[in-house]
Peer 1: 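Can you read through this structure? Questions will come right after.
The sequence lines fix the lettering, A, B, ..., with proteins before strands; numbering per chain opens at 1. Side chains included, hydrogens not; waters and symmetry mates left out as well; all remaining heavy atoms used.
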Amino acid sequence: MSTERYNARTAEPKWRGIWDEKRIFETRNDDPRERYYVLEMFPYPSGRIHMGHVRNYTMGDVVARYKRAKGFNVLHPMGWDAFGLPAENAAMASKVHPKEWTYKNIETMKGQLKSMGLSLDWSRELATCDPSYYRHQQRLFVDFMKAGLVERRSAKVNWDPVDQTVLANEQVIDGRGWRSGALVEQRELTQWFLKITSFSEDLLTSLDHLDRWPDKVRLMQKNWIGRSEGLMLRWAMAPNALGVDELEIYTTRPDTLFGASFMAIAPDHPLARAAAEKDAKLAAFCDECRRMGTSVTAVETAEKLGYDTGLSAVHPLDPTWTVPIYVANFILMDYGTGAIFGCPAHDQRDFDFATKYGLPIKTVVRPRDAGADYMVGDTPFIDDGVMVNSLFLDGLSPDEAFDAIATRLEQTTLHGKAAALRKVNFRLRDWLISRQRYWGCPIPVIHCEACGSVPVPPADLPVLLPDDADFSKPGNPLDRHPSWKHVDCPSCGKPARRETDTMDTFVDSSWYFARFTDPWRTDTPTDPKVVDQWLPVDQYIGGIEHAILHLLYSRFFARAMKLTGHGGVEEPFRGLFTQGMVVHETYRSADGTYVTPAEVTITGEGEARIATLKGSNQPVEIGSIEKMSKSKRNVVDPDDIIDTYGADTARWFMLSDSPPERDVIWTEAGVEGASRFVQRVYRLTADIVARSSTQAVSHYGEEATLLRRAAHKALAAVENDIERLAFNRCVAHIYTLANAVGRTVEGVKGDGAVP
RNA sequence: GCGCACGUGGCGGAAUCGGUAGACGCACGAGACUUAAAAUCUUGCGCUUUCGGGCGUGCCGGUUCGAGUCCGGCCGUGCGCACCA
């Protein structure tokens, strides 16, 4: 039995040095072997890596090394998602330039990643804040613009009052900015949009083919895109002083048309605005709605309010039947046409509204098991059933009735045109990418009074960020820079104004995986041939928090890049895996402040565990287990673990026990266990090596047969589970093998002979 | 409110197709080695038992020769969406 201990501190740097020197992880594009692209979501250089990174990159590294061992030409690159607000906030707080802050963090974090011994191709490293990257992004933007995928328009947008910038819909979570947590306000602003809605249908249907994506993510994207089939239906207006003769609405329930009892329009609807000009009370009501609409949470909790305009509309299939038109606070101007017809008996909102304003509630669908005299009572009936009180629809199911009435309305004319048109609608909105901040990719456009918004000619790219920006006060440093925005129009040569908005950082991360395929190119963003050789990424690994944001934007980008000739692949990620978080207990000292695990000593077990501050007997309260975060201070620094135990132990523990898609609880005991196993493997290996060199171990003995059987069994099991990314099960198989080896080695030690 | 996922020992979890429930690890108990401790090794470890066995995968019911797994209904936890007409 060997008593020597494995010393990670000397062994790991030695091997890392050899790997670097031999450049064994650098990948050649002209390598003829079958390709395999493994990618983990690249990090934001916030300062130091955290355990979430360790887990993420360990998983990717296992896949990369496994595929390399299987003979694939593996691409496994790393880079930096380097633009973003924290750099700018740091500049405001501590007078460091965002660039300096960012590159310093990159250096630190690169050192940390290197100490993990990952099989990364560092020759392809890129940082999105580097002009050598963002110049190509500006080129993509200009090409998208020419292809009609970019739009500048005025719209109601989400304004984050803390970060002082607008946000995309996807970046507003529960009415708050995804980064700042501030309540988001609605503001009417002229902004840049990428037309992701051009691909709504395709982004939705293609989800069906992403069979190596988690169902959960596909479902989330499906719901986010939110397809509905309905009818655009024009109603004739009863004669009125405004001179308006029709109102168009969108509905997914035309089958309930004979249950209509009112119309409702958004406060911003043109008809509402026109009516408000002649009705001061209505104008006040609309203003009130807009004020309440400034915060999204206010909208969600607000009571349904309406205002009767006095106008009315004529039922499309019964000229003697008119319904009143209300302006209502719950109607959204940017979905459908901003106008609806209300059928209180079969819709909860309409029911609430009708009850409040005393409007009729007419039952037109009854449950299948209900009698003919069924009437909707305290709650609307919204399930499947049988049509009633609806003339030619009676007896049909709502689905059949949808078709029947749609066909009838398509054949009905109003003012010389078909009254109705079948229409598919989506919940997905265009992607708002303008940000009123400095540390981002400048939008390459020049505004000219004569020529409009002119894209910067490709030859003039990149539009570089000025280094001498002023971060002393809030707001956009680019906008108040004395000279940067004053340029001549590239089209007519007259004085013009540079766009001072920068792009959302999610633009930066929407195509980096394509840039990795040929990061050395200078003339174009990509070589389409090389992109097509590597993409789609075979295995992409990252956090579930990007289920919609990054993963949807990247899918859009791949399509837009295909359209503009920068690559031929529509789906960027063939296999997706979303890993769980690294969580840890939280600790609070007597005065209520959080303390880090490193400052705490724990004694006792189970219920009797007691925590005290290290070096004193001050009690510490053990709190809930939560995601490691700076604010809760429940973080364990990967550097400390790697220094103490070595990278192998840290990585082994990360993959042990917890299934990779689930959260893993970081415990000191768990790391100790992993460390013991690393030592055990070293001892067993040393024993076997020692014995095989000093003793003539029979290759045909019973011992060898048993070992061979155990080894092959483990090999098959590990291979099977690695393909399924079931790393925790791989770990278990390797433990089983080690036990078998241990038993055999111990078994023959007694007499030193093979039995 | 709507949608989705998940409930297995003290703990993390395994059981790939409906076929021995609890692999593997952690923690714990006992033993060996040691002056002692650590480390290491051996061994035990779902509950219960009259030692034959009985019970057991959130709860209730169903399908099946057979259910942790499939179906229906509850309860609980987590996540996503939330006036989308």
Side-chain angles (χ1 to χ4, degrees), chain A residues 1-3 5 169 173-175 214-228 230-233 249-254 256 263-266 293 296-297 299-305 328-343 346-350 352-353 379 382 425-429 544-545 547-548 578 580 605-607 609 652-653 655-659 661-677 679-680 683 714 717 720-721 723-724 726 728-739 742-743 745-747 749:
Chain A
M1 170 65 63
S2 169
T3 52
R5 283 179 65 82
N169 286 357
I173 294 151
D174 292 334
D215 289 342
K216 182 189 168 78
V217 175
R218 289 196 286 174
L219 185 69
M220 281 168 71
Q221 291 210 358
K222 188 176 171 226
N223 291 338
W224 187 262
I225 296 168
R227 184 181 195 273
S228 71
L231 212 60
M232 300 290 271
L233 174 61
I249 58 107
Y250 177 73
T251 178
T252 56
R253 291 295 303 272
T256 63
M263 312 280 281
I265 61 178
V296 177
T297 40
V299 172
E300 281 165 16
T301 52
E303 195 187 358
K304 284 168 189 47
L305 295 173
N329 64 343
F330 63 94
I331 305 299
L332 306 173
M333 189 57 224
D334 62 356
Y335 187 83
T337 63
I340 63 151
F341 83 83
C343 175
H346 307 288
D347 181 280
Q348 184 68 51
R349 280 173 323 225
D350 297 347
D352 295 346
F353 193 81
T379 51
I382 50 186
N425 230 311
F426 294 93
R427 187 183 166 280
L428 183 68
R429 300 273 81 93
I544 186 77
E545 67 273 19
I548 292 173
T578 52
E605 274 132 33
E607 300 281 297
R609 287 167 82 242
W652 184 255
F653 172 68
L655 300 181
S656 303
D657 298 342
S658 288
E661 69 277 10
R662 235 176 273 181
D663 291 351
V664 63
I665 303 171
W666 183 274
T667 63
E668 198 66 24
V671 187
E672 291 283 352
S675 176
R676 276 203 297 276
F677 182 70
Q679 294 297 340
R680 183 164 173 230
R683 279 195 312 275
N720 179 38
D721 282 334
E723 293 278 1
R724 299 169 46 182
N728 58 318
R729 306 202 313 183
C730 295
V731 167
H733 299 313
I734 292 167
Y735 273 118
T736 307
L737 174 62
N739 287 343
R743 262 194 304 279
V745 171
E746 292 301 317
K749 236 176 68 173

Peer 1: Using a heavy-atom cut-off of under 4.0 Å over every strand shown, decide if A:Arg724 touches base, sugar-phosphate, or nothing.
Peer 2: base

Peer 1: Answer syn or anti for B:C24, where the cut-off is 90° from 0 on the glycosidic torsion.
Peer 2: anti

Peer 1: State which residues pass salt bridge (Lys or Arg N to Asp or Glu O under 4.0 Å) with A:Asp347; sequence neighbours excluded, sorted by chain then number.
Peer 2: A:Arg349

Peer 1: What distance, rounded to whole Å, do you find between the two P atoms, one in B:G25 and one in B:G61?
Peer 2: 38 Å

Peer 1: With P as the reference atom in both, quote the distance from B:G56 to B:A39 in angstrom, rounded to an integer.
Peer 2: 40 Å

Peer 1: Hey, which of these two, A:Thr252 or A:Tyr735, hits RNA chain B nearer its 5' end, going by closest nucleotide?
Peer 2: A:Tyr735

Peer 1: Ignoring backbone atoms, establish whether A:Arg676 has a side-chain N or O less than 4.0 Å from OP1 or OP2 of B:C26.
Peer 2: yes

Peer 1: When rounded to the nearest Å, what value does the distance between P atoms of B:G22 and B:G73 take?
Peer 2: 32 Å

Peer 1: Examine B:G7: is either OP1 or OP2 under 4.0 Å from a nitrogen or oxygen in the side chain of A:Arg662? Give yes or no.
Peer 2: no

Peer 1: NA contact type, A:Asn739, heavy-atom cut-off 4.0 Å: base, sugar-phosphate, or nothing?
Peer 2: sugar-phosphate

Peer 1: Only pairs under 3.5 Å count here: list side-chain donor-acceptor contacts from residues 665-675 of chain A, not counting sequence neighbours, and write none if there are none.
Peer 2:
from: A:Thr667; atom 1: OG1; to: A:Gly670; atom 2: N; distance (Å): 2.9
from: A:Glu668; atom 1: OE2; to: A:Tyr645; atom 2: OH; distance (Å): 3.4
from: A:Glu672; atom 1: OE2; to: A:Tyr645; atom 2: OH; distance (Å): 2.9

Peer 1: What's the closest nucleotide to the side chain of A:Tyr250 if the choices are B:G25, B:G13, B:A85?
Peer 2: B:A85

Peer 1: For A:Ser656, answer base if it contacts any base atom (sugar-phosphate contacts may also be present), sugar-phosphate if it contacts only those atoms, and nothing otherwise; contact means non-hydrogen atoms under 4.0 Å.
Peer 2: nothing

Peer 1: When we call it a touch if two heavy atoms are under 4.0 Å apart, what does A:Ile734 touch: a base, just sugar-phosphate, or nothing?
Peer 2: nothing

Peer 1: Would you say B:A14 has OP1 or OP2 under 4.0 Å from some side-chain N or O of A:Asn728?
Peer 2: yes

Peer 1: Whole-Å distance between B:C24 P and A:His733 NE2?
Peer 2: 12 Å

Peer 1: If anything within 90° of 0 is syn and all else is anti, what is B:G53?
Peer 2: anti

Peer 1: Using only side-chain N and O atoms of A:Arg427, determine if any of them is under 4.0 Å from OP1 or OP2 of B:A82.
Peer 2: yes

Peer 1: Answer yes or no: does a side-chain N or O of A:Tyr335 lie under 4.0 Å from OP1 or OP2 of B:A85?
Peer 2: yes

Peer 1: Judged by each residue's nearest nucleotide on RNA chain B, which is more toward the 5′ side, A:Met333 or A:Met220?
Peer 2: A:Met220

Peer 1: Give a yes/no on whether any side-chain N or O of A:Arg680 is located under 4.0 angstrom from OP1 or OP2 of B:C41.
Peer 2: yes

Peer 1: Between residues 664-672 of chain A and RNA chain B, which residues have a heavy-atom gap below 4.0 Å?
Peer 2: none

Peer 1: Rounded to whole angstrom, note down the C1' distance from B:G7 over to B:G12.
Peer 2: 15 Å

Peer 1: Regarding B:U16, can its base be found pairing with the side chain of A:Asp721 as donor and acceptor, where the two atoms are less than 3.5 Å apart?
Peer 2: no

